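In what follows, chains are A, B, ... by sequence order, proteins preceding strands, each numbered from 1. The model shown is predicted, which means the values in this text are computed figures rather than measured ones.
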Amino acid sequence: MGDDIQKDDELLELFLDESREHLDGIESDLLAIEKNGEDIDSDLVNKVFRAVHSVKGAAGFFGLDKIKSLSHAMENILGLVRKEELVPTPQIVTLLLDGADELVGMINNPDSMDDVDVSDKLDKLKAVVTDSLPEDKQKTIEEKIEIKAPNGRTIFVVTSFELSEAKKSQNGGEFLYLLEYDLIKDVEPTEPYKVISELLDLTALIDSKIDIEAMSCLGEFSYSSGIPFYVLLSSIMKPDIIESLLNIEQGRIHILRGDGSIECESSGGKQAVEKNTTSPAITETSKAKVTEQKQPSSQTKTPALSKETVTTEKKKKPLPPTAAKSKNVAEKTPKKGKVDKTPALKGTGSVRVNITLLDTLMTLAGELVLTRNQLMQSVADESILKIEKVAQRVDQITTELQDAIMSTRMQSIDIVFHKFRRVVRDLSRELKKNIVLVLEGEEVELDKTIIESINDPLTHLVRNSIDHGIEIPAVRSAKGKPKEGKLKLSAFHKAGQVVIGIQDDGNGIDPQKIKEKALSMGLYTAEQLAVMDKQSIIKLIFAPGFSTAEKVTDVSGRGVGMDVVNSNITKLGGVIDVDSVLGKGTNITIKLPLTLTIVPCLMISEEGEQFAIPQVNLLELQRIAACDVKEKIEKIGDVNVMRRRGELLPLIRLRDLLDIKNKTFIHPETGKRLEDRRASIVDLRFNGEDPENLDYEATEEDKENAEERLRSAVNVAIVAAGDFHYGIIVEGLQESSEIVVKPLGCHLRDCRAYAGATILGDGRAALILDVMSIGQMIRSAATSEIKAVETDRERKNINNSEDSQTLLVVENGKNDFFAVPLGLVERIEKVNSSQILTIGGQRTMKYREESLLLFAIEDAANVVPRKETEKLYVIVYRMAGREIGLMVSNLIDTIESDSKIDEETHIQPGILGSVLIDDKITLMVDPQSIVNHVMPDFATKNKKTSRLTSKEEQTVLIVEDSKFFLSKIKSFIEEAGYHTLTAQHGIEALEVLENTDKTVSLVLTDIEMPELDGYGLSMKIREDERFCNIPIVAVTSVVGEAAEARGREVGIDEYLAKLDRDQIVERSEFFMKNGRVS
Amino acid sequence: MEEKQAFQGSNMAEYAVFRVGKLFCGIEIEFVQEINKNLDLTVVHKAPDFVRGIVNLRGQIVTIIDLRIKMGFEQKSIDSKTRNVLVKLKEELIGLLVDEIDDIVITNKNALLPNPPHLSSEIRNYFYGVYKMEDELLGVLDVEKVLQ
């Protein structure tokens, strides 16, 4: 078996690689064949046939008999299917699939091939062929024909069925040939594989074999004959054509008669005539001829190769043939050690690169070399101008080079997706469920490493959906669902990430069960669970050790829970989310970065050292002004915490976390580094007992100067480790940049605080913080302490809080402050005034390869114009599918405000109302109204391109008494591409519903409203049979168990928090798509 | 090339020789990838004490091991003589911080003596053995053990 492997490992690797490739798509193709049933797609069958056929042909060359015979048996069946003599029933396809699995298995583990028993599969496959044949033909399968070499040795034993099949096949024909190659002489060391492929393309290859025995039997005298390699094939081509086509020596092409005996050699010379007598005679003469031919052949051998053969042959000589073989294995072992490793490494080992891409890379590399030369020259010339030019060029080439190299690592997600056809087929059969798999976006590309690591989590999720999600047909019919369950896997790009969806229309997740489980496992208390909304409860399935399967099944129970999936996804820098409606289905979304090697990061500094925090973990940055520290940061037990929109965040100081010695701080006035005497920044602020020890940042004189205060404020990077949020207090916040991740050495493996290292612009190394691990480190300590306080407070908050929100305070005209709702802001950029261009009366700036339209508050509102400064800030918003920028001269602070918005007194274009901040009336900016004031057609102009037509037909009714929130929610929904209608209270909403000519697909309503509140509105809507099926979602700050229960009673489908744009949009889309929840 | 073959044939071995604290040590030249002054270190907080930091070596992050700490000496600040000896172990490049680089020494392997008992046990653990040089002992470092 494996011991017949005579060729170089390298060659074998090539075979294994190519076979893998051949067999790669076979599974999905077979499944497609099964689906088509009698309606045979001959192209598809042909494709599979050729794949199996190629594997068979090459396997013979390596003496891999098990692979050969198995693929051969499969090929026979496929041949019959191709000729439409056999219908590919599920049973037959199952056999073929099993066969293909076995082939893949053997190819992936070439060294354990000997242990594989294929006889059972072979018998079954052969039985299929026998059964399919008419009786008179059945005996042809049994009928063995021996094909002998001219020297009388039996080379092949084939059945007459195979011969006749070959003749009838695509490349086959009336002629039957036995080719006798000499691997040493006829075939270049690297070429044998090519020879096989050539034969496969041109002829119908029946069998092939390296005749090892011939070598060992012939002994010393004939080693020069090299390694005989026989190929049996059928072709339509005449002998002379074959001879000219296949580069093979005259006299080595034997034409066979129908019974397998040699008819004549194709040389056409005198020798052939001589031999054209009886068989025994032929054997005699050809034997002589073989010896004759040996001399020239030994001369033509390449020296290196002959040396090798001589040594092997000599070693073998004293041993009997079988012993020689085993010896051969022993000799091979060290070499095979290499092969041993390869299957495991295979996944990451090699990448196929498109040749055009490779050319691009070459060109770029060439460019880079040229530019380097230019650079050296410019440096020698000391010409700054030249150097600048070259630097620009280097920048450009590097970017292109990076892009090109990155794309070599990109693979389509179909590699993972297509496997699920089989998984779904097999599992649904096993569980007696009827499930169709729908794939979408298979062409989406992701980094190779991510593709490889996503397979397991996805498999788990798919299995979960099939096992626990989708019901058996009887149950489905009883529920009035279609018998056939639907499982959809989709992938698409969104905001520089790839979003993978696993969606089923099964039974969904029961929040009640999750609650019970969480309670019984002691993960949460009943009080904690009572205030959690439905979404958060469903998300508990990701908690460690959580599994809701009532009984552990073989399919997806196994004690491995969703928490493993969650942590695997998180390891990849991804985020997983689940959304489920009981009885309707479950929708799992995974967001993944495109690549792991280049990661956008925020650079921060501590003690003059730089660290990187991956953007994907970063939620937001907060500067807490020195005077606010005391108010905002508290201490619970040993943990410092901070309030963030009602949530308590544990805080960790980076220098404490990393035990950075020599504590210093930067003097806010002199900029000098001084010794820091505080034990903890928060400690002293909180207790604030000893004024002597209070450091500079908090002294009175500083407070007078707002700017100074900002500079000496505490910087907190708020990060997310899964669903656990915490803040890292850092000394300095720097720019965000794309960094290349490098692994750390083995001595630093145990340093859990770091995810790797990167190289900074100045060539120094910097460490990347591992937000996940740090989170784990502080989580256990922090959560228990906080939890108690948190629930306590949350409950209070829920009942008392007005609609609290975060506002960004900015300065526009000198000492003229405005508030901007932070929830609408995409990003904030600091720019130079010189970057702003005025074109056609409209200000723009170049921003992320596009031009960004800029507006100012005074464009619409009657306020003091912005003071002209060299540096200014641009607040970037997204509006009607486009980004726009709002210019302000300075950023002051972000504040949490729960004071009421006055929506009447100060209203004017561009101004939404006013709010009290630090007892001062501050105008609230409405960016949308500014844009609409300046360019009234902005939204409509951009609408057409950014919206899908199907969406446009859907209309959402928004009911909200606060104009501020009304405009905000309206912008969320319109942004997502839907029409909106608005009303300020329940009565008005009912009037709108009554009078509109549009079909309302969803009602988003506040709960607390004048005239008629959300509950009342919902009741009225449900009473009216025209509207009772419209989904109603409450968008409110009134949440919690009691409120939700009341809501359910009156027919509200879901509760959402007011501030979360993504959630509002996502849930709205969900309800518009799926309708009301039963 | 020729020289090297000569060594393989005979029992000669080549060592890169350097000083760490009061020790005179050598590493078989085959282990040594390069010796440089690239000591623009980035400190790794919370790392084991013998890890002095990491450096960027032409795009690769290399961990720098302070041999002084490993050998039980006090840490010393980096000066003009401090060198970074890069060795390759299991496909990973690791830097060894040494006080001073000396020379290349060629010696006969047969002359290797067992560790003298006056050396501390941790040092003895890191030395294969010693050679008697003109006026002092040259300890041969067992790179794998040092980097364990």
Determine whether the aromatic ring centres of B:Phe18 and B:Phe24 lie less than 6.0 Å apart.
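No, the ring centres sit 6.0 Å or more apart.
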
Would you name the heavy atoms of A:Val599 and A:Pro614 that are closest together and state the gap between them?
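The pair with the smallest heavy-atom distance is CG1-CB, 4.1 Å.
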
So, for A:Asp659 and B:His45, which heavy atoms are closest and what is the spacing to 0.1 Å?
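Residues A:Asp659 and B:His45, closest heavy atoms: O-ND1, 4.4 Å.
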
Measure distances from [X] to the heavy atoms of chain A and classify the residue's part below 4.5 Å as side chain, backbone, both or neither.
X: B:Thr42; result: both
X: B:Leu41; result: backbone
X: B:Leu93; result: neither
X: B:Val51; result: side chain

Please look at A:Leu657 and chain B and tell me whether the side chain, the backbone, both or neither of the residue comes under 4.5 angstrom of a heavy atom of that chain.
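The backbone, not the side chain.
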
Strictly below 4.0 Å, N to O, side chains only: are B:Arg83 and B:Glu100 in salt-bridge contact?
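So B:Arg83 does not pair with B:Glu100 through a salt bridge.
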
For B:Phe50 and A:His747, take the angle between the two ring planes, folded into 0 to 90°, and tell me which bin it lands in: parallel under 30, tilted 30 to 60, perpendicular over 60.
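The rings of B:Phe50 and A:His747 stand perpendicular, inter-plane angle above 60°.
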
